[in-house]
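See below for the structure under consideration.
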Amino acid sequence: MNAPNRSGWKPGTPEAPDGAAGGATVSGNRGLMLEERLIFEIGTTATTGVDLPAPQPGAANRLGGLERRAPIGLPGLSEPETVRHYTRLSRQNYAIDCGIFPLGSCTMKHNPRLNEKVARLPGFADLHPLQPVDTVQGALEVINELAMWLIKLTGMHGVAMTPKAGAHGELCGILCIKAALEARGENRRVILVPESAHGTNPATAAFAGFAVEGIPANAQGRVDLAALTARLGPDVAGVMITNPNTCGLFERDMKAISDAVHAAGGYVYCDGANFNAIVGRVRPGDLGIDAMHINLHKTFSTPHGGGGPGSGPVVLSEALSPYGPLPFTERHADGYLTLVEEETVGDRHPHSFGRMSAFHGQMGMFTRALAYLLSHGADGLRQVAGDAVLNANYVLRSLEDVLDAPFAASGPCMHEALFSDDRFAAGVTTLDAAKALIDEGFHPMTMYFPLVVHGAMLVEPTESESKASLDQFIASLRAVAERANSGDASLAQAPLLAPRRRVDETAAARKPRLAWREPPGEAAAAAGEAA
Ligand SMILES: *Cc1c(COP(=O)(O)O)cnc(C)c1O
């Protein structure tokens with residue numbers, strides 16, 4: 001099946017597992033773990049998976065000079081080779097369908113197959129955003145129904161459905177705040193961002209043109225209320241607070257923070273990406289929040305493991321709703337739904353700051369999220385939050401005897417458990433522990449985030465893991481922690497059993513090898529290496 005030396009892993013290269021059972025093979029495969037080289041290395045310009053008829057004489061003339069003059073060197077494979085190439089690559093991926101995906105903050109939970117079935121219904125999947133409104137009443141019904149659920153669950157006044165990710169939603173909320181301040185004729189330049197906020201929060205505020213100022217966390221891992229209130233003043237446009245925060249803790253002073261910010265003339269943005277920990281139990285509207293994005297692709301399943309698609313609707317308070325973006329759905333007396341856009345808005349929404357996206361948002365994510373909401377129901381959602389918190393506390397309390405848990409004394413955590421490298425022997429790092437988890441067959445947890453904790457390890461199990469799955473993960477992380485605490489030097493070599501060892505992540509990002517032809521020097525070096 002494989003040509004000899006098809007593998008990128010040659011005996012003696014750093015990827016070869018030192019002394020691992022089986023050692024090097026001729027094929028480069030290790031058991032059923034198949035090696036795969038770049039398509040540029042295995043494909044040739046002479047091979048193709050399609051069988052096109054020979055050009056008719058004179059056909060080139062009809063192209064009017066647009067035909068290609070020289071081959072462009074794209075690699076070709078036959079159809080079965082193409083299928084195998086991508087199938088092999090997919091088997092090197094770790095995915096939520098393979099096992100627990102314990103990334104903190106990202107909420108990698110199970111994707112119910114019902115969501116996928118609904119999103120693939122032709123009436124939703126085959127829509128075009130420019131179709132006449134009377135042919136898409138069902139789709140508008142989905143957007144409108146989902147909007148109603150989000151408003152109800154959050155206790156807010158309005159919702160902007162079009163932002164396409166959490167960070168995009170943050171921008172939407174901050175642009176609402178900016179528009180509201182402009183309408184008041186005020187030029188407030190500062191957004192306060194606590195240390196326990198997600199990294200996208202200060203990035204968003206800076207991107208929108210505000211000056212960002214940090215607010216320290218207190219010893220319990222929460223916002224230092226006194227430091228925050230002391231900094232409020234006529235130059236402060238607002239605060240951006242992640243709640244539950246990135247230490248996995250609920251900001252208990254949220255209402256007091258909102259009241260103080262409002263009294264000082266500012267607005268309260270809440271990063272609601274962690275809404276899964278409180279859905280059905282806390283309504284952000286009751287806490288005085290003015291704008292909050294919800295990551296449909298976290299809280300309501302469908303995690304973004306492949307880089308998308310996401311969806312980040314923003315719920316808005318009564319004070320900020322007039323500034324929200326177009327378009328939005330509107331129901332008429334006869335039940336008919338329309339989209340209110342620039343052409344049709346008239347003078348009904350005169351203060352809108354504009355638009356977040358060309359069309360109406362991520363339809364596929366809307367259908368998935370609504371399927372999730374309706375299949376769980378209000379009581380099921382309440383239980384989602386309870387189970388997510390229960391699972392995280394189970395992880396926290398099962399490991400706090402071997403891993404430093406800096407805020408374990410602050411009470412129960414919310415949806416994620418935070419550990420530090422404090423008990424590791426000198427020289428052993430969080431990175432070593434994460435790489436050792438790969439040998440155990442797990443995707444590592446979030447590393448070195450949040451920044452308030454040294455060598456942080458943030459674990460979010462989510463509610464969709466069983467106790468058996470959690471016990472397996474805990475046993476592996478416990479074993480890794482014991483090795484780290486005792487200074488096991490072999491940890492620096494991990495992973496030993498993965499298709500690749502430690503790659504140069506900076507070079508992989510900055511100088512990716514994506515080209516078929518290598519620069520002359522490198523090609524010669526590669527030839528020498530192969531020989
Ligand atoms: C994921 C996340 C974001 C950003 O959401 P994206 O959809 O990735 O843009 C912001 N804040 C928190 C707390 C998050 O977990």
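Both ligands and their constituent atoms are indexed starting at 1 by order of listing.
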### Task
For Ala273, counting its heavy atoms only, list the atoms of ligand 1 lying under 4.0 Å from any of them.
2 (C), 11 (N), 12 (C), 13 (C), 14 (C), 15 (O)

### Query
Does an N or O anywhere in His293 fall below 3.5 Å from an N or O of ligand 1?
no

### Centroid-centroid under 6.0 Å between Phe328 and His349 rings
yes

#### Entry: Ring center gap for Phe449 and His198 short of 6.0 angstrom
yes

### Query
Which is closest to atom 13 (C) of ligand 1 in terms of heavy atoms, Lys164, Glu170, Glu460, His198?
His198

### Message
Nearest non-hydrogen contact with atom 6 (P) of ligand 1 belongs to which option: Gly166, Gly312, Ser105, Gly310?
### Response
Gly166

### Query
Does the Glu195 side chain pair with the main chain of Pro216, one donor and one acceptor, at a distance under 3.5 Å?
no

### Message
Show the nearest heavy-atom pair for residues Leu326 and Thr162, with the distance to one decimal.
### Response
O-OG1, 4.5 Å

### Query
How are the rings of Phe275 and Phe300 set to each other: parallel, tilted or perpendicular (split at 30° and 60°)?
perpendicular

### Query
If you measure every N/O of Cys106 against every N/O of ligand 1, is any gap under 3.5 Å?
no

### Message
Considering both backbone and side-chain atoms of His297, is one of its nitrogen or oxygen atoms within less than 3.5 Å of a nitrogen or oxygen in ligand 1?
### Response
yes

### Query
So, is Asn201 polar-close to ligand 1, with some N/O to N/O distance under 3.5 Å?
no

### Task
Could you list which atoms of ligand 1 come closer than 4.0 Å to a heavy atom of Ala167?
4 (C), 5 (O), 6 (P), 9 (O)

### Query
Considering only heavy atoms of Ala165, which atoms of ligand 1 have at least one such atom less than 4.0 Å away?
7 (O), 9 (O)

### Query
Does some non-hydrogen atom of His168 fall short of 4.0 Å from ligand 1?
no

### Query
For ligand 1, which atoms have a heavy atom of Thr242 less than 4.0 angstrom away?
13 (C)

### Task
Identify which one of Ile191, Leu192, Val223 satisfies the side-chain contact (heavy atoms from CB on, under 4.5 Å) criterion when paired with Val239.
Leu192

### Message
Is it the case that ligand 1 has an N or O less than 3.5 angstrom from some N or O of Asp271?
### Response
yes

## Note on the structure
Contact region, Asn295 to ligand 1, non-hydrogen atoms below 4.0 Å, reads side chain

### Query
Of the non-hydrogen atoms in Arg502 and Pro495, which two are nearest, and what is the gap between them?
CG-CD, 4.3 Å

### Query
Hey, what's the ring geometry for Tyr94 with His443, parallel, tilted or perpendicular (30° and 60° as the breaks)?
tilted

### Message
Counting neighbours of CZ on Arg91 that are heavy atoms of other residues, nucleotides or ligands and sit closer than 6.0 Å, is the number greater than 12?
### Response
no

